[in-house]
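Data first, discussion second: the structure below is written as structure tokens.
So that the names make sense, note that chain A is the first sequence line, chain B the second, and so on, each numbered from 1.
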2 protein chains.
Amino acid sequence: MSVAVAKTPRASVREGREKSIFDAARSVFAEFGFKGATTAEIARRAGIPKANLHYYFATKEALYRHVTAEVLTDWLSAASSFDEKDDPAEAIAAYIGAKMDLARADPLGSRIWANEILRGAPVIGDFLETTLANWLSSREAIVRRWIDQGKLVTMEPRYFFYMIWASTQHYADFEGQMMALNGGQPLSDEQFETAKKQVIATLLRGVMPQF
Amino acid sequence: MSVAVAKTPRASVREGREKSIFDAARSVFAEFGFKGATTAEIARRAGIPKANLHYYFATKEALYRHVTAEVLTDWLSAASSFDEKDDPAEAIAAYIGAKMDLARADPLGSRIWANEILRGAPVIGDFLETTLANWLSSREAIVRRWIDQGKLVTMEPRYFFYMIWASTQHYADFEGQMMALNGGQPLSDEQFETAKKQVIATLLRGVMPQF
DNA sequence: GATAAGTTTGACCAATCGGTCAATTCATTG
DNA sequence: CAATGAATTGACCGATTGGTCAAACTTATC
């Protein structure tokens with residue numbers, strides 16, 4: 001098996017085109033949702049004729065499914081950071097940090113997710129009911145154990161996860177609103193770091209007994 | 001001036017039609033955003049021919065502006081509950097409670113707002129930059145005073161408000177996701193009350209020094 | 001360098017889009 | 001009950017939608 005084989009011009013052109021279509025699709029789906037997105041606008045942002053887009057992705061829905069699949073993968077990747085620590089404070093802080101970083105690094109992914117939920121999750125519904133539901137159940141069990149051990153205050157773990165998701169994804173989904181409230185400027189790296197620390201501090205403080 | 005004058009059949013028919021169109025428009029805009037919404041679907045949900053819809057609202061955008069105006073009014077109405085108490089814990093709890101109740105009573109309004117932000121707030125942008133920015137500034141000043149008085153932990157008030165908005169509106173915008181994670185069932189009244197209490201408790205605990 | 005395979009694109013299609021309009025129905029008023 | 005104005009609606013408009021197709025073009029292979 002060859003490693004890092006030099007791509008033929010053909011293959012790399014294909015790769016580049018698919019990438020540029022994919023990126024353009026992400027931005028359009030994030031902004032307008034599936035229904036509001038048009039293949040013409042995606043092609044325009046990708047800088048190619050519409051017919052060329054349909055050569056690489058047969059239908060708008062096929063393209064959308066590719067995009068959402070990646071979003072779900074990224075979500076799960078960030079979720080894994082919850083499991084890397086045994087201490088509740090560390091696990092929660094790591095998870096919130098990872099979710100904040102994801103919202104900052106890839107706001108479009110979060111917005112695609114949000115749009116999908118807003119229209120009733122016709123495409124990722126299965127994922128929510130199976131993979132996500134299972135993830136939540138098992139992490140609820142972990143949090144419940146911590147509560148029983150007196151390491152966290154009494155609470156319903158599920159609603160705590162909702163707060164984490166809401167508070168972190170807000171920085172992606174409502175970036176436009178934050179910009180409007182920040183003198184038209186996007187949050188600087190310093191502002192974002194402050195926000196991130198504060199979200200972690202407030203949520204930790206909200207559920208840790210020793211404070 | 002007559003009070004509660006009996007409406008003529010004509011006037012009340014007009015009122016009823018406008019209301020049913022308005023409600024249908026709310027649900028379609030909430031689900032698909034402005035771009036994804038179609039006047040045909042709005043008319044279908046209102047149970048009238050499309051031409052009749054255009055008799056009452058000349059354009060899709062005019063209808064959308066009517067809908068958003070109401071959303072902003074409701075937002076400000078809930079916001080006023082922050083000012084009714086002098087004690088920080090009471091003010092914050094009242095505000096979170098009001099925002100939770102609004103998300104529960106009118107999830108569509110929150111979703112219309114979310115869709116508007118996702119596409120860059122072309123219609124409510126002015127509101128965000130003026131009315132909302134002013135509201136936030138003045139309440140930041142109040143929170144800062146409480147911090148100086150040692151009634152709240154040191155923090156950046158703005159990011160705390162973002163957490164409140166995120167955590168509460170999440171119950172409207174992501175209702176579909178919560179349903180999928182709740183065995184396909186919407187949150188019961190009891191579940192919602194538990195969630196509401198927990199959001200208040202966690203956020204209060206997160207910023208109150210005495211805990 | 002000829003042939004085949006992969007890629008690009010303008011032109012085009014039926015369906016749907018937001019919106020118009022004239023004809024009709026309806027309720028109100030003198 | 002005649003006349004007036006408000007309300008209703010099917011038919012229709014040009015523009016846009018997602019998608020197709022054949023012809024042209026580019027790269028790889030023998």
Side-chain angles (χ1 to χ4, degrees), chain A residues 2 5-29 31-68 112 115-116 119 122-123, chain B residues 2 5-29 31-68 112 115-116 119 122-123:
Chain A
S2 61
V5 58
K7 270 133 197 158
T8 66
R10 224 160 231 138
S12 68
V13 161
R14 171 167 209 111
E15 219 169 78
R17 273 271 189 278
E18 278 177 352
K19 178 79 163 60
S20 69
I21 294 170
F22 199 81
D23 289 346
R26 283 174 58 85
S27 76
V28 175
F29 285 134
E31 192 170 338
F32 300 110
F34 177 78
K35 186 114 196 296
T38 68
T39 55
E41 176 62 14
I42 295 172
R44 201 190 59 76
R45 294 193 190 184
I48 57 169
K50 195 181 60 168
N52 200 6
L53 181 154
H54 279 100
Y55 173 74
Y56 286 102
F57 298 91
T59 66
K60 175 180 163 183
E61 190 180 330
L63 178 50
Y64 180 72
R65 286 182 182 274
H66 270 84
V67 167
T68 51
I112 290 160
N115 265 308
E116 170 71 6
R119 66 170 183 140
V123 168
Chain B
S2 61
V5 58
K7 270 133 197 157
T8 66
R10 250 256 138 107
S12 69
V13 160
R14 171 165 210 113
E15 218 168 80
R17 273 273 189 275
E18 278 177 353
K19 178 80 163 59
S20 69
I21 294 170
F22 199 81
D23 289 347
R26 283 174 58 86
S27 76
V28 175
F29 285 134
E31 193 170 337
F32 300 110
F34 177 78
K35 186 117 194 296
T38 66
T39 55
E41 176 62 15
I42 294 171
R44 201 191 58 78
R45 294 194 190 184
I48 58 168
K50 194 180 63 168
N52 200 4
L53 181 153
H54 280 100
Y55 173 75
Y56 286 101
F57 297 91
T59 67
K60 175 180 163 183
E61 191 179 329
L63 179 50
Y64 181 72
R65 285 181 183 276
H66 269 85
V67 167
T68 52
I112 290 161
N115 266 308
E116 170 72 4
R119 66 168 183 141
V123 168

Spacing between A:Glu61 atom CD and D:dT17 atom C1', to the nearest angstrom: 16 Å
Mutual orientation of the aromatic rings belonging to A:Phe22 and A:Phe57 [parallel < 30°, tilted 30-60°, perpendicular > 60°]: tilted
Pair A:Glu15 + A:Lys19: basic N to acidic O under 4.0 Å: no
Touch class at under 4.0 angstrom, heavy-atom based, for A:Ala43 against every strand present: nothing
Distance test, side-chain N/O of B:Arg17 to OP1/OP2 of D:dA7, below 4.0 Å: no
Within 6.0 angstrom of A:His66 NE2, more than 12 heavy atoms from elsewhere: no
Separation of D:dG18 P from A:Lys35 NZ (nearest whole Å): 10 Å
Short side-chain N/O contact from A:Tyr55 to OP1 or OP2 of C:dT7, under 4.0 Å: yes
Considering all heavy atoms, the nearest B:Val28-B:Thr38 contact: CG1-N, 4.2 Å
B:Ile48 CD1 to D:dT8 C1', straight-line distance once rounded to whole Å: 10 Å
Interatomic distance, B:Glu41 CD vs C:dA15 P [rounded to whole Å]: 19 Å
Sugar-phosphate only, base, or nothing, as touched by B:Phe57 at under 4.0 Å among non-hydrogen atoms: nothing
Nearest-nucleotide pick for B:Ala51, side chain only, options being D:dT9, C:dG19, C:dC17: D:dT9
Minimum-distance nucleotide (side-chain atoms of A:Tyr56 versus D:dG18, C:dG18, C:dT7): C:dT7
B:Thr59 side-chain N/O to C:dG18 phosphate OP1/OP2 under 4.0 Å: no
Any N/O donor-acceptor pair, B:Lys50 side-chain to C:dG19 base, under 3.5 Å: yes
d(NZ, B:Lys60; C1', D:dT16) in whole Å: 12 Å
Cationic N near anionic O, under 4.0 Å, B:Glu41 to B:Arg45: yes
d(CG, B:Asn52; C1', C:dG19) in whole Å: 14 Å
Residue-phosphate contact under 4.0 Å: B:Arg14 side-chain N/O, D:dA6 OP1/OP2: no
Protein-nucleotide distance (B:Ile42, atom CD1; C:dG19, atom P), rounded to Å: 10 Å
Between C1' of D:dT8 and CD of B:Glu18, the distance in whole Å: 15 Å
